[in-house]
K.L.:
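My questions will all concern the structure given below.
Below, chains carry the letters A, B, ... as their sequence lines are ordered, and counting in each starts from 1.
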There are 2 protein chains.
Amino acid sequence: MAETQSDTLKLDGAGPVYDQIRRAIRDLVVGGAWPPGTPVPPEHALMEQLGTSRMTVHRALVQLAREGLITRRRRSGTVVASPPASHAMFDILSIPEEIERLGQDYAYEILAREVGKVSPEVAERFGLKRSDRIVHLLVLHRGDGRPHVLEERIIHLAAVAAAAGEFFAEVPPGDWLLQNSLWSQAEHAISAVGASVQEAGLLEIAETEPCLLVERRTWNQDRPVTAVRLLYPGPRHRFVGRFGPYGPA
Amino acid sequence: MAETQSDTLKLDGAGPVYDQIRRAIRDLVVGGAWPPGTPVPPEHALMEQLGTSRMTVHRALVQLAREGLITRRRRSGTVVASPPASHAMFDILSIPEEIERLGQDYAYEILAREVGKVSPEVAERFGLKRSDRIVHLLVLHRGDGRPHVLEERIIHLAAVAAAAGEFFAEVPPGDWLLQNSLWSQAEHAISAVGASVQEAGLLEIAETEPCLLVERRTWNQDRPVTAVRLLYPGPRHRFVGRFGPYGPA
DNA sequence: TCTTGTCATTTGCATATGCAATTAGATAGC
DNA sequence: GCTATCTAATTGCATATGCAAATGACAAGA
């Protein structure tokens with residue numbers, strides 16, 4: 001998890017000063033050099049350290065706060081914020097949370113766990129190289145005892161070495177990764193598919209039942225971290241979002 | 001389309017001055033009093049009119065610009081921006097645009113058009129009152145001749161009276177509405193469903209094929225404007241989005 | 001021990017000022 | 001008419017200054 005990045009504030013001289021400051025701090029935060037909870041120096045200190053006026057520093061910090069990277073409180077000062085676990089409609093969200101928000105009892109079981117090389121089918125399904133070293137998991141999440149979603153996940157050991165020794169007995173892999181890995185980019189795709197025979201059996205649905213498939217891949221600085229296929233049974237699942245003409249409401 | 005709203009800037013005295021200014025202008029923009037293209041008074045003028053300093057006005061305008069509501073250029077001044085037609089992942093997007101972006105030839109046909117009261121089935125499917133006066137449409141959109149998406153739409157005449165006399169011969173209803181109506185909120189839901197016999201026939205797919213259903217409802221100030229069901233055939237359609245831990249990338 | 005009050009630190013906000021950068025429109029020159 | 005140049009309007013940015021508001025820390029008192 002160690003990044004090859006400086007942990008000192010350095011202005012690059014490109015563009016407005018307030019934006020240089022903003023980017024400098026942002027880079028330390030998203031690069032992991034300043035993990036959540038790290039105190040950001042007070043405006044006075046930054047002002048002296050950087051040789052600018054307080055208002056200029058202020059402007060940078062206000063903007064970072066609006067972007068959610070830092071939290072500011074009078075007297076207590078400024079600290080690096082924890083990334084919000086769930087954003088808008090389709091962000092990284094915790095499945096336990098998702099189920100508990102429906103008022104259902106959450107449970108999960110690890111149906112399969114393999115550590116090591118990728119099998120040909122997995123390589124094809126997730127677009128991996130055979131030489132990648134991964135953990136491959138199959139997890140069934142239940143709400144009130146009924147299958148809620150089937151999760152098939154791979155974790156890249158190159159990015160998250162600790163995953164090799166983890167059995168996910170207490171915390172499901174999605175939530176575990178939120179605690180134990182860094183990510184800087186994600187992509188997901190939503191589509192409708194039919195379940196395979198095996199999948200239909202696990203989800204306890206008929207084979208012809210349409211399913212909603214959410215595929216998500218996550219990177220940290222261009223290095224793949226994890227990829228997951230979430231298969232939601234039937235038309236009883238809906239993803240809902242609200243927004244206005246100029247952005248999310 | 002006339003709104004019962006003032007078109008004069010008025011500060012409400014709540015919170016920071018720069019934010020009062022921001023909200024005042026925002027309300028005129030989203031309320032339709034200042035349609036896209038309207039010039040916003042220069043900072044000097046606002047400063048005098050509102051009795052504040054230029055920097056305070058500036059701060060409000062800079063933020064509005066960052067939110068995308070206004071466009072600013074030196075010397076030319078500030079104008080109200082056009083709402084972006086497509087946003088992030090699931091916003092209002094033009095189907096012709098969507099298809100042309102895939103490099104396919106776009107075509108559409110109106111399969112049905114009814115003006116007047118709602119039938120019981122439609123009332124149930126869209127959650128309407130029988131007394132609502134609407135236009136009901138069924139439209140098939142094609143890319144390179146193949147069915148791309150089946151659109152079933154209702155338009156509330158109370159919100160968009162002009163829709164009653166429109167035959168959508170030149171422009172499909174989605175795009176027509178973008179030009180001829182105002183909306184302030186939208187909600188959509190995505191789910192996986194099986195196609196009905198009729199729908200499967202129109203989309204030229206097998207009956208068992210899973211489909212992606214996007215349902216979108218749109219309001220203007222709590223008054224419903226339109227509702228649409230977009231049925232995408234089979235697993236060949238994917239909605240893709242990218243984002244980072246602190247928001248869309 | 002608990003409460004209360006005071007103080008100092010830190011952020012939040014507004015203002016005044018000055019200059020830089022951009023560029024629409026006017027003007028001058030060809 | 002066309003082009004180059006100039007001018008002025010407008011936004012962009014940085015600074016200095018002052019005060020307000022929140023609140024952690026600590027001291028004083030009950």
K.L.:
Taking for each residue the nucleotide of DNA chain D with the nearest heavy atom, is it A:Y18 or B:P42 whose nucleotide lies nearer the 5' end?
P.N.:
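Nearer the 5' end of the strand: B:P42.
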K.L.:
A:H156 versus A:R223: any side-chain heavy-atom pair under 4.5 Å?
P.N.:
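No, every pair of side-chain atoms sits at 4.5 Å or beyond.
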K.L.:
Between C:dA21 atom C1' and B:H58 atom NE2, what is the distance in whole Å?
P.N.:
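Rounded to whole Å, this separation is 13 Å.
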K.L.:
Would you check if B:L50 and B:T56 make a side-chain contact, meaning some heavy-atom pair closer than 4.5 Å?
P.N.:
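No, every pair of side-chain atoms sits at 4.5 Å or beyond.
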K.L.:
Walking along DNA chain D from 5' to 3', note the first and the last nucleotide with an atom under 4.0 Å from a heavy atom of chain A, and give both.
P.N.:
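Contact span on the strand: D:dC13 to D:dA25.
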K.L.:
Starting at atom CZ of A:R72, determine the distance to atom P of C:dT10, rounded to an integer number of angstrom.
P.N.:
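To the nearest whole Å, that distance equals 12 Å.
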K.L.:
Assign B:R54 to base, sugar-phosphate, or nothing according to its heavy-atom contacts below 4.0 angstrom with the strands shown.
P.N.:
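Since a base atom lies under 4.0 Å of B:R54, the category is base.
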K.L.:
Apply salt bridge (charged side-chain N to carboxylate O under 4.0 Å, His left out) to A:R26 and A:E67, showing your working.
P.N.:
CA-CA 10 Å; A:R26 183 204 58 191; A:E67 291 167 8; over 6 Å; no
K.L.:
Does the B:Q20 side chain pair with the main chain of B:G13, one donor and one acceptor, at a distance under 3.5 Å?
P.N.:
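Such a contact is found between B:Q20 side chain and B:G13 backbone.
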K.L.:
5'-most contact on DNA chain D: B:G77 or A:T52, nearest heavy atom basis?
P.N.:
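Closest to the 5' end, via its nearest nucleotide, is B:G77.
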K.L.:
Of the options A:I134, A:V228, A:V139, which is the one that meets A:R153 in a side-chain contact (heavy atoms from CB on, under 4.5 Å)?
P.N.:
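Among the candidates, only A:V228 passes.
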K.L.:
Taking the side chain from A:S184 and the backbone from A:Q221, do they hold a donor-acceptor pair closer than 3.5 Å?
P.N.:
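Yes; at least one donor-acceptor contact below 3.5 Å.
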K.L.:
Between the protein and nucleotides 23-25 of chain C, are there any N/O to N/O pairs under 3.5 Å, and if so, what are the atom names and distances?
P.N.:
residue	atom	partner	partner atom	Å
C:dA24	OP1	B:R73	NH2	2.5
C:dA24	O4'	B:R75	NE	3.3

K.L.:
Which residues pass the ring-ring contact (aromatic ring centres under 6.0 Å, His included) test with B:H141, sequence neighbours left out?
P.N.:
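Result, ring-ring contact (aromatic ring centres under 6.0 Å, His included) vs B:H141: B:Y106.
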K.L.:
Does B:D105 use its side chain to pair, donor to acceptor, with the backbone of B:G143 at less than 3.5 Å?
P.N.:
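Pair absent, no side-chain N/O of B:D105 close to backbone of B:G143.
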